Amino acid sequence: MPLSGVASYIPTLDAFAKHWEQVNKASSKDLVIRGATLNHLAALRQSLIMALNDVVSKENVRLVASGDRDIKAAEMRERFKQFKEVVSRKPLSKPYKEALPKLPARTAGDEAMIEAAESVIQIWAVVNRNNPAVPKFRPPLVLEGGCTLEHFGYELASYRQSCRAAESADRNALYSRDMRGQVMGQVAKLLKLYSAAAIRLLGEDHELVRTIPDAEPNPDKLPAAPELEGEWNPATEKVELRWTHPDPSSLKRFSLRYHPGPRYKMEEEESVESIPTDRTSMEVAYGLAAPGSSSTYKLYAVAPDSGEQGSNTIRIVRPS
């Protein structure tokens with residue numbers, strides 16, 4: 001199995017470790033690659049397992065935290081709309097309509113939403129004072145569901161807290177993926193040097209030379225890439241993904257992967273699901289907890305020798 005996606009690193013490393021052990025037994029001295037021995041490879045394996053597990057743990061925390069933030073952001077937007085609707089109607093419309101802030105775009109970020117909510121609190125407090133008095137209005141202003149100014153303040157505080165938690169979880173997940181990427185880079189560098197080192201030690205005619213595993217996929221043997229498309233289905237509240245492939249019968253499986261964005265990187269992707277080759281569609285909601293949540297998906301065609309080729313990426317933003 002050559003190195004390709006994140007999931008290929010441990011099986012590929014194990015194949016090289018097994019071959020390295022055979023080389024050591026067949027030779028009068030142990031194989032050493034720029035000071036690295038078989039024990040170094042074993043230590044790298046353990047480091048990689050720890051890094052892989054840490055990413056899974058940090059990514060789970062990030063998904064929960066970002067989902068909580070997105071849910072609260074959607075609730076804040078709904079409160080904003082309720083407040084704007086009430087204040088825009090008579091009798092309050094005349095003195096307060098022009099003071100209302102605009103609802104920020106979903107892409108504007110958390111700070112823009114927090115700033116708009118703070119403006120709502122300021123205007124709401126003025127409305128409740130009702131000075132000068134607005135005819136036919138009896139304060140305090142209460143929104144649908146009994147939401148008062150005080151309750152809205154609690155919601156804003158909760159939203160702020162969720163934003164801080166999501167920001168911290170994002171940083172931790174990014175750092176964890178970076179650490180994993182560094183270990184993966186060390187593994188890849190060592191395995192790519194293995195073939196030449198083994199040949200120097202054993203000689204080109206040795207039988208073990210013919211069984212050296214592939215560190216990198218052969219570009220001439222890679223499967224064709226799938227074509228991926230998809231969109232959000234409001235009825236099911238999931239993304240409907242569809243794909244085509246010129247020869248699915250030649251594949252071992254498809255693999256759906258995810259990246260939080262905004263820029264897709266293979267070393268930062270996460271596996272979502274392994275898919276049989278007779279499937280051409282699926283529904284998924286991974287990373288899309290609430291309106292405004294976004295996820296980027298990529299589908300890989302995986303060959304029997306585990307070489308793989310990725311599709312185009314699909315970025316989905318969950319609408320209102």
Side-chain angles (χ1 to χ4, degrees), residues 1-56 175-226 247 250-255 257 259 263-271 274 298 300-311:
M1 172 186 287
L3 296 173
S4 49
V6 173
S8 71
Y9 273 69
I10 291 296
T12 304
L13 187 154
D14 287 346
F16 273 86
K18 182 178 180 180
H19 195 273
W20 198 325
E21 186 177 3
Q22 292 173 340
V23 169
N24 286 349
K25 290 179 179 179
S27 174
S28 58
K29 60 180 180 178
D30 289 349
L31 174 63
V32 180
I33 304 174
R34 294 188 180 179
T37 65
L38 182 56
N39 288 336
H40 286 92
L41 188 64
L44 268 180
R45 185 184 192 279
Q46 186 59 34
S47 296
L48 182 55
I49 288 176
M50 293 174 61
L52 290 167
N53 290 338
D54 190 60
V55 168
V56 171
Y175 177 79
S176 183
R177 290 195 297 268
D178 185 56
M179 292 298 99
R180 181 184 67 181
Q182 290 187 31
V183 180
M184 288 167 58
Q186 294 174 41
V187 170
K189 182 177 180 180
L190 186 58
L191 299 191
K192 289 173 184 177
L193 295 171
Y194 180 87
S195 180
I199 292 172
R200 283 196 301 270
L201 180 66
L202 299 173
E204 293 184 357
D205 297 329
H206 198 283
E207 61 181 354
L208 283 175
V209 170
R210 296 191 295 272
T211 60
I212 294 175
D214 292 325
E216 297 179 283
N218 184 337
D220 296 329
K221 295 183 179 180
L222 290 177
D247 188 15
S250 67
L251 304 176
K252 180 180 180 181
R253 60 187 172 90
F254 292 108
S255 176
R257 297 172 198 172
H259 190 279
R263 187 169 155 223
Y264 201 101
K265 296 180 181 178
M266 180 278 291
E267 62 271 18
E268 295 179 355
E269 67 188 7
E270 303 300 330
S271 178
S274 180
K298 191 171 187 176
Y300 284 80
V302 183
D305 66 356
S306 297
E308 58 184 30
Q309 191 82 280
S311 71

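All values derive from a computational prediction rather than experimental measurement.
- Residue pairs meeting the salt bridge (charged side-chain N to carboxylate O under 4.0 Å, His left out) criterion with at least one member in residues 190-203, sequence neighbours excluded: Lys192-Glu216.
- Scanning all heavy atoms of the two residues, the minimum distance from Ile212 to Ala198 falls at CD1-CB, 4.0 Å.
- For Asp214, the salt bridge (charged side-chain N to carboxylate O under 4.0 Å, His left out) test picks out no residue, with sequence neighbours left out.
- Listed here is the closest heavy atom pair of Gly310 and Pro226: C-CD, 4.2 Å.
- Arg257 is linked by a salt bridge (charged side-chain N to carboxylate O under 4.0 Å, His left out) to Glu269, Glu308, counting only residues two or more places apart in sequence or in another chain.
- In this structure, OH in Tyr9 is found 8.5 Å from CG in Leu191, a value given to the nearest 0.5 Å.
- Although no hydrogens or angles enter the test, the distance criterion places a donor-acceptor pair under 3.5 Å between the side chain of Thr211 and the main chain of Leu208.
- Of all heavy-atom pairs between Pro213 and Ala15, the closest is CG-O, 3.8 Å.
- For Ser311, there are no side-chain hydrogen bond (donor to acceptor under 3.5 Å, both in side chains) partners two or more places apart in sequence or in a different chain.
- Applying the side-chain contact (heavy atoms from CB on, under 4.5 Å) test to Pro217 and every residue at least two apart in sequence or in another chain returns Pro2, Leu222.
- Every residue meeting the side-chain hydrogen bond (donor to acceptor under 3.5 Å, both in side chains) condition with Thr37, not counting sequence neighbours, appears here in chain and number order: His40.
- Gln309 meets the side-chain hydrogen bond (donor to acceptor under 3.5 Å, both in side chains) test with no other residue; sequence neighbours excluded.
- Residue pairs meeting the ring pair (Phe, Tyr, Trp, His ring centres under 6.0 Å) criterion with at least one partner in residues 186-220, sequence neighbours excluded, are Phe16-Tyr194, His19-Tyr194, Trp20-Tyr194.
- Under the salt bridge (charged side-chain N to carboxylate O under 4.0 Å, His left out) criterion, Glu270 pairs with Arg180, not counting sequence neighbours.
- The shortest heavy-atom contact between Met266 and Val6 is O-CG2, 3.9 Å.
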N/O donor-acceptor pairs under 3.5 Å from side chains in residues 24-36, not counting sequence neighbours:
unit_1	atom_1	unit_2	atom_2	d
Asn24	OD1	Leu31	N	2.8
Ser27	OG	Lys29	N	3.2
Ser27	OG	Lys29	O	3.0

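- Heavy-atom neighbours of Asp205 CG from other residues, nucleotides or ligands within 6.0 Å: at or below the threshold of 12.
- Between atom CE of residue Met179 and atom CE of residue Met50 there is a gap of 13.0 Å, rounded to the nearest 0.5 Å.
- Pairs passing the side-chain hydrogen bond (donor to acceptor under 3.5 Å, both in side chains) check and including a residue from residues 42-52, sequence neighbours excluded, read Asp14-Arg45.
- Taking OH of Tyr175 as the start and CG of Asp54 as the end, the distance is 9.0 Å to the nearest 0.5 Å.
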Passes side chain to side chain contact (heavy atoms under 4.5 Å, CB included), Leu52 versus Ile10? Steps please.
-> CA-CA 10 Å; Leu52 290 167; Ile10 291 296; 3.8 Å; yes
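- Put simply, CG on Asn39 and CG on Leu41 are 9.5 Å apart, with the number rounded to the nearest 0.5 Å.
- For Asp247, the side-chain hydrogen bond (donor to acceptor under 3.5 Å, both in side chains) partners are Ser249, Ser250, not counting sequence neighbours.
- Considering every non-hydrogen atom in both Ala7 and Pro11, the closest pair reads O-CD, 3.3 Å.
- Ser255 and Val302 get closest at one heavy-atom pair: CB-CG2, 4.2 Å.
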Check step by step if side chain to side chain contact (heavy atoms under 4.5 Å, CB included) holds for Glu21 and Lys18.
-> CA-CA 5 Å; Glu21 186 177 3; Lys18 182 178 180 180; 5.5 Å; no
